[in-house]
**Q** 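Following this message is one structure expressed as structure tokens.
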Amino acid sequence: MSGEEHRDLGICGICLWSASLLRGSKGFTKCPMCGKETVEVIPVNDHETYTLRMKEKGIEVEFDVERR
């Protein structure tokens, strides 16, 4: 369907590196920053947005529906 984004969010559990990933792409087996095999992939629904906030002890991810 036209307009679908097909993307996921990848986050490293060690260094908190993150990136938007095209769904279905090869992705990452290792984090490109720290080299550890700790990248978690979080599915993001079409027309859903997310905001990353760095916190003292980690990262906060907030999901919301994209407003058109």
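No hydrogens, no waters, no symmetry mates; every other heavy atom, side chains included, goes into these values.
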**Q** How close do Leu9 and Ser18 get, counting heavy atoms only, and between which atoms?
**A** CD1-CB, 4.4 Å
**Q** Any link between Val61 and Val44 through a network of hydrophobic side chains (Ile, Leu, Val, Met, Phe, Trp, Tyr) touching at under 4.5 Å?
**A**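 Looking at the clustering, Val44 is in the same group as Val61.
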**Q** So Cys15 and Cys31, do their side chains get closer than 4.5 Å, heavy atoms only?
**A**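 Contact flag for Cys31/Cys15 side chains = yes.
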**Q** If you round to the nearest 0.5 Å, how far is NZ of Lys55 from CD of Glu60?
**A**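 Here the rounded value is 4.5 Å.
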**Q** Determine whether Thr51 and Phe63 make a side-chain contact, defined as any pair of heavy atoms from C-beta on separated by less than 4.5 Å.
**A**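 No, every pair of side-chain atoms sits at 4.5 Å or beyond.
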**Q** What I'd like to find out is whether the side chain of Ile42 reaches to under 4.5 Å of the side chain of Ile11, using heavy atoms alone.
**A**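 Ile42 reaches Ile11 side chain to side chain.
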**Q** Do Ile14 and Met54 sit in the same hydrophobic cluster, where Ile, Leu, Val, Met, Phe, Trp and Tyr count as joined when their side-chain heavy atoms come under 4.5 Å apart?
**A** no
**Q** Compare all side-chain heavy atoms of Leu21 with those of Val41 and state whether any distance is below 4.5 angstrom.
**A** yes
**Q** Are any of the side-chain heavy atoms of Glu62 and Arg53 separated by less than 4.5 Å?
**A** yes
**Q** Quick one: are Pro32 and Trp17 in side-chain contact, heavy atoms under 4.5 Å?
**A**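 Yes, close enough: below the 4.5 Å cut-off.
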